[in-house]
J.: 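Attaching a single structure in structure tokens format; questions to follow.
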Amino acid sequence: MAARGVGLLNRLPLCTRRSPILRPIHRLLSCPGTAAADARRERQSSGSTETGSEERTPKKRFSEVQKERREQAQRTILILCPNKTSEKKFLKYLSQHGPINNHFFFESFGLYAVVEFCQKESVASLQNLTRTPSMGTEAAIPFRSRFFNLKLKNSSDQTSEQPCMPRCNQSPPSSKKLFELLCDAESIDDQLNTLLKEFQLTEENTKLRYLTCSLIEDIAAAYFPGCAVRPFGSSVNSFGKLGCDLDMFLALDEIGNFNAHKTSGNFLMEFQVKNVSSERIATQKILSVIGECLDNFGPGCVGVQKILNARCPLVRFSHQASGFQCDLTTNNRIALKSSELLYIYGTLDSRVRAMVFSIRCWARAHSLTSSIPGAWITNFSLTMMVIFFLQRRSPPILPTLDYLKTLADAEDKCIIEGHNCTFISDLNRIEPSKNTEPLELLLKEFFEFFGNFAFNKNSINIRQGREQNKPESSPLHIQNPFETSLNISKNVSQSQLQKFVDLARESAWILHQEEKDHPSPSSNQPWGLAALLLPSVAKSTSHGKKKRKKPASERIKNLLESIKNPENSTNINGKRTVTTQA
Ligand code: GTP
Ligand code: MG
């Protein structure tokens, strides 16, 4: 369930920074016309975070967004089209079944169209006129879904019209492109907002994610009528980047529970069910049959793996048409609650997402995170660290979870498996922060904060928004916000944590150096965030010579201290010349 990420930015040509006169940063915060403002506008128009404008428009609750998107996905279909398809004729043809609200094309293994009808009945009408293909020598397993093939009756008919319809991009920018964009930005704030704008999920990609869940739900419903397949994790928590995996869970606990309390009279009806000896076995059995079903009959589902002995059993597969790597679990209500909490944090203040995206990108560029599970920090843990850091600012940029709990009303009350998951769901009742610190400062302070954090004795805790004594000896302890006895970063090894600390110190040092050196406009060096994404010198000098690593980190720490306290200033003779601006 981890992200595949940005490639490293090594071997890229250096590019020139823009005039440094534009760089000093305070002017950026509220200037219309800056990339920061553009990013905000763009986000609002794309709807990718589903919120209103930061200050004025009411922001939607997570549950409202989920409900709207789910309903939208149920009226939507996916079609594999021939390349020559004429958009106009295609839309005209489909409109026979009812008005179309929205559509777009994208390229995956072929040309696909996503078409959203205004009414659900249009889908049924189209399905009634759709045939099962005859396969010649192979045999087709008939399966009636909302994933179609479009065939041309007469291909010469179609070519006469506009040859190329616009295709929506579903991938993040290449490392080279990103690097150019960052070097072209006007300030570090601008760089962070640019990175966010380029990597965040687009409106179309978000639609495709909900549609994919909805298509999987149709398949699961063959076994469990009334079930729901719900997305969670970064696809919905406002921190998703183009290319991230699609985490979904099969919700079976909703079946038959909604109206049961409405029955009157002396009796209560229950479904006859089969019992098994534990919840875990029930989960494994359910996922096992769904995995078989996806493998045998699921259109577009390939590479199905049943990973049933994991701590959290899951079925992993690729949805070939959308290009998503999917992880399907069951009844994962706490994870959905985590997603809602992150959505609230990501939506409260525009700096949160900019920080999280940049820190995740930085971590990926330095191989601190990986798509393979192991002793690495996960994106989820990094997000918690950013939230914690923002709670520690003065005044705080983000409220603590305990505070969000005090704002909750009766309908927000939520206990899952004995864990109190209560917090306010109406974002509009949370006071915006009075803190106006620019992103540049926050980025530098983030690296300083964690470069000097007492990981050996303290735990990170977003519930209380302050350090706690570590309850156990794992190198990194980040308290699970709801299952509070659990550590979400238990997997992280001492050496991985040390690597994180070294890189954080080095990055803080680079930013300090840039601030100090007042680089010349003709400087041909990568700067700001772009410089932070380059391979680390500490790493390359220590490569193969482990003993050097610690002194490099210590040296950077001392340098940072001397910068903060000029009276003790030593000669700052930075060795990481690739990133200094002088
Ligand atoms: P990406 O790397 O972009 O996929 O981020 P993600 O937040 O989706 O992470 P991932 O796919 O690894 O996990 C999906 C969701 O599962 C997270 O958002 C969390 O809600 C939850 N999750 C992941 N790891 C942990 C963990 O260690 N403990 C707990 N309690 N939940 C986790
Ligand atoms: Mg994920």
Side-chain angles (χ1 to χ4, degrees), residues 1-6 48 62 66 171-172 196 199-201 205-206 209 212-213 230-249 307 310-319 322-346 352-353 356-365 367-387 401 416-419 421 423 459-463 474 476-492 496:
M1 290 197 265
R4 292 158 299 285
V6 207
S48 61
F62 183 75
Q66 295 282 312
S171 320
L196 171 63
F199 279 86
Q200 69 184 348
L201 301 182
N205 195 272
T206 302
R209 284 171 189 269
T212 305
C213 288
R230 301 190 180 282
F232 70 100
S234 60
S235 299
V236 297
N237 68 16
S238 81
F239 297 112
K241 102 175 170 28
L242 287 171
C244 72
D245 67 357
L246 173 54
D247 304 295
M248 48 176 108
F249 74 93
I307 308 172
R311 189 179 63 81
C312 181
L314 71 140
V315 174
R316 177 166 289 171
F317 60 96
S318 294
H319 192 254
S322 61
F324 297 136
Q325 167 82 30
C326 302
D327 279 349
L328 175 70
T329 53
T330 62
N331 287 349
N332 212 341
R333 283 176 62 214
I334 292 195
L336 191 64
K337 221 49 201 167
S338 292
S339 303
E340 177 173 359
L341 180 65
L342 293 191
Y343 168 85
I344 288 177
Y345 280 131
V352 182
R353 295 173 69 237
V356 168
F357 273 69
S358 294
I359 296 298
R360 284 182 170 200
C361 187
W362 167 84
R364 190 72 179 97
S367 306
L368 285 167
T369 50
S370 166
S371 55
I372 311 160
W376 299 277
I377 298 180
T378 60
N379 277 336
F380 184 54
S381 295
L382 283 174
T383 308
M384 291 291 173
M385 290 168 97
V386 176
I387 290 170
L401 175 52
I416 303 173
E417 294 155 21
H419 303 288
C421 304
F423 55 86
S459 157
I460 290 164
N461 179 317
I462 67 158
R463 180 165 277 283
S474 307
L476 177 60
H477 193 282
I478 304 177
Q479 191 194 56
N480 182 320
F482 299 120
E483 294 164 276
T484 51
S485 63
L486 299 181
N487 172 11
I488 65 161
S489 49
K490 206 177 169 61
N491 61 313
V492 177
Q496 284 300 314

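Counting starts at 1 for both ligands and their atoms, following the listed order. Values in this document were obtained by computation on a predicted structure and should not be read as measured data.
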J.: Would you call D247 a ligand 1 contact, heavy-atom distance under 4.0 Å?
T.: yes
J.: Report the C-alpha distance between L242 and S171 in whole Å, list the side-chain angles of each, state the deciding distance to 0.1 Å, and finish with yes or no for side chain to side chain contact (heavy atoms under 4.5 Å, CB included).
T.: CA-CA 5 Å; L242 287 171; S171 320; 5.8 Å; no
J.: Output, in order, the C-alpha distance, side-chain angles, deciding distance and verdict of side chain to side chain contact (heavy atoms under 4.5 Å, CB included) for F380 and T369.
T.: CA-CA 10 Å; F380 184 54; T369 50; over 6 Å; no
J.: Is the distance between the ring centroids of F357 and F199 under 6.0 Å?
T.: no
J.: Does K490 come within less than 4.0 angstrom of ligand 1, counting non-hydrogen atoms of the residue?
T.: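 No, K490 has no heavy atoms under 4.0 Å from ligand 1.
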J.: Suppose we only count N/O/S atoms under 2.8 Å; would D327 qualify as near the Mg ion (ligand 2)?
T.: no
J.: Which of the atoms of ligand 1 are close to A335, meaning less than 4.0 Å from one of its heavy atoms?
T.: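 With A335 as reference, the close atoms of ligand 1 come out as 20 (O).
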J.: Kindly write out the residues that satisfy side-chain contact (heavy atoms from CB on, under 4.5 Å) with S474, not counting sequence neighbours, or none if the list is empty.
T.: E472, N487, K490
J.: Do Q325 and D245 have side-chain atoms, one donor and one acceptor, less than 3.5 Å apart?
T.: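 Checked: Q325/D245 side chains show no N/O donor-acceptor pair below 3.5 Å.
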J.: May I have the step-by-step check of side chain to side chain contact (heavy atoms under 4.5 Å, CB included) for I387 and M385, ending in yes or no?
T.: CA-CA 5 Å; I387 290 170; M385 290 168 97; over 6 Å; no
J.: Quick one: which ligand 1 atoms are inside 4.0 Å of a heavy atom on S234?
T.: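 Those of ligand 1 that fall under 4.0 Å from S234 are 1 (P), 3 (O), 4 (O), 5 (O), 6 (P), 7 (O), 8 (O).
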J.: Of F249, F232, F380, F239, which has the heavy atom at the shortest distance from atom 15 (C) of ligand 1?
T.: F232
J.: Answer whether the closest heavy-atom distance between the side chains of E483 and I334 falls below 4.5 Å.
T.: yes
J.: What is the name of the N/O/S atom in D245 that sits closest to the Mg ion (ligand 2)?
T.: OD1
J.: Below 4.0 angstrom from a heavy atom of C244, which ligand 1 atoms are there? Numbered from 1 as shown, please.
T.: 3 (O)
J.: Looking at non-hydrogen atoms alone, which of L341, D245, N332 comes nearest to atom 4 (O) of ligand 1?
T.: D245
J.: Mark up the atoms of ligand 1 that fall under 4.0 Å of a heavy atom belonging to S338, in ascending order.
T.: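 Once the distances to S338 are compared, the set is 20 (O).
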J.: Of all the atoms in ligand 1, which lie at a distance below 4.0 Å from a heavy atom belonging to N480?
T.: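 This gives 29 (C), 30 (N) as the contact atoms.
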J.: Given N237, which partner from the list L341, D247, L342, I344 fulfils the side chain to side chain contact (heavy atoms under 4.5 Å, CB included) test?
T.: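 Output: one option passes, namely L342.
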J.: Test of understanding: given a 4.0 Å heavy-atom threshold, classify the contact between E340 and ligand 1 as side chain, backbone, both, or neither.
T.: neither
J.: Among the N/O/S atoms of D247, select the one at the shortest distance from the Mg ion (ligand 2) and name it.
T.: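 Closest N, O or S atom of D247 to the Mg ion (ligand 2): OD2.
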J.: Given side chain to side chain contact (heavy atoms under 4.5 Å, CB included), test L336 with F232 step by step and report yes or no.
T.: CA-CA 6 Å; L336 191 64; F232 70 100; 3.9 Å; yes
